[in-house]
Amino acid sequence: MLPNDPQRAIREATAAAEPRLIEMRRDIHRVPELAFQETRTAGIVAAELARLGIPHRTGVGRTGVVGEIRGGRPGPVLAIRADMDALPIHEETAIDFASTVDGQMHACGHDIHTATLLGVAAVLKDLAPALAGTVRLVFQPAEEVLEGAAAMIADGAADGVDMAIGFHNHPDMPVGTFGYVRGASLAASDRFDLIVRGKSGHAAHPYAAVDPIVAAAHFVAQAQTVVSREIKPLHPAVVTVGMFQGGTTYNIIPERVHLKGTVRTLHDDARDTAEAALKRLADGLQATMRVTCDMTYVRKVPPLVNDDRVLEPVIAAVQRQMGAAPEPGEPSMGSEDFAEFAARAPAFQLRIGSGAPGRDDRLHNAFYQPDERCIGLGVQALSRAALDILT
Ligand code: NI
């Protein structure tokens, strides 16, 4: 039976679950685990799903967990995905549940995400008889290295999924607010390694050597023309060389230089253009600068493209539950491997405001302190979205 007043039913169920969710979030926060090492976190998730009587599978994509809530009637499969991994950052907050692991911290709020999806599990479990369809709860490892989604999908986590919802906390939005972006919202993330080989020699006799440092410097300068001269100005793109390593001292021309870079794009044609251009520039360097170039180019994740078929019902449901409409926002050139799920089924990623009053927080920051109220608010919004989509 559909509750007479779904808003109230969800609000009350969330309020009942909230103290436990906060306790679990703090427990996870104290012991952050890096990509594919989330065994303790996955254990907390599995134990909670077991306590709620929700059938689940562990070891999906190495350290992921998938639970399933079957509705009272047949219908589509709606996946809701949370990520669980932490970052290699040393926590600098003074909170009493700060990380106890040196050099590791939940600085992207994935502890918040894990607790939020456990809250959704608790609320939807009770509403299951009213649902027409299945809610698949996807607890994903290794988002920060953009590999966990692909690993879970390889283990069947996206099989049979008709639509998917993701979410991320946003400290630049005050707690209590929600946001969305229509269409491409997060960038494709690709990366390259370029080894430029010259011929080492005495710095005083460059004519007798082939200098890979000067050649690699040319590559870095030329790479700036990829976005400015080759990609359509209305298609956002970023090419950044983040590492330039070579040489040892004043008077030696080294044998080789190693560059690492990242390419972010929102559109497939910009993505293709950037890859082709960077490879062409590396090839050209061999003729113009006498070096040899060896480029390894890896496409990590596609752009995250929100689909109106999921976006519309979710933002309508959030408005019904929370009484205020989510705010439209701008795309970001950051990346998220929820895009792998979105590439396989219509999907939408909801932004959940997590900014605490008076704080100016950023993600991936040693001082990050999301406002924990975003957990309960996220539980309400996501539970209502699932309920409305599956009834
Ligand atoms: Ni994150």
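Order of appearance sets the numbers: ligands from 1, and atoms from 1 within every ligand. In what follows, residues are counted from 1 in the order of the sequence shown.
Between D283 and K279 there is no salt bridge, since no side-chain nitrogen of the basic residue lies less than 4.0 Å from a carboxylate oxygen of the acidic one.
Relative orientation of the Y297 and F192 rings is parallel, given thresholds of 30° and 60° on the angle between their planes.
In the model, H170 has a side-chain atom that pairs as donor or acceptor with a side-chain atom of D172 under 3.5 Å. Looking only at atom types and distance, the side chain of T134 has no donor-acceptor partner in the side chain of E68 under 3.5 Å away.
Atoms of the protein (N, O or S only) found under 2.8 Å from the Ni ion (ligand 1) are C108 SG, H110 NE2, H168 NE2.
Because its NZ or CZ atom is not both nearer than 6.0 Å to the ring centre of F338 and within 45° of the ring axis, R81 does not count as a cation-pi partner of that residue.
With contacts defined as side-chain heavy-atom distances shorter than 4.5 Å, the pair P328/V181 does not qualify.
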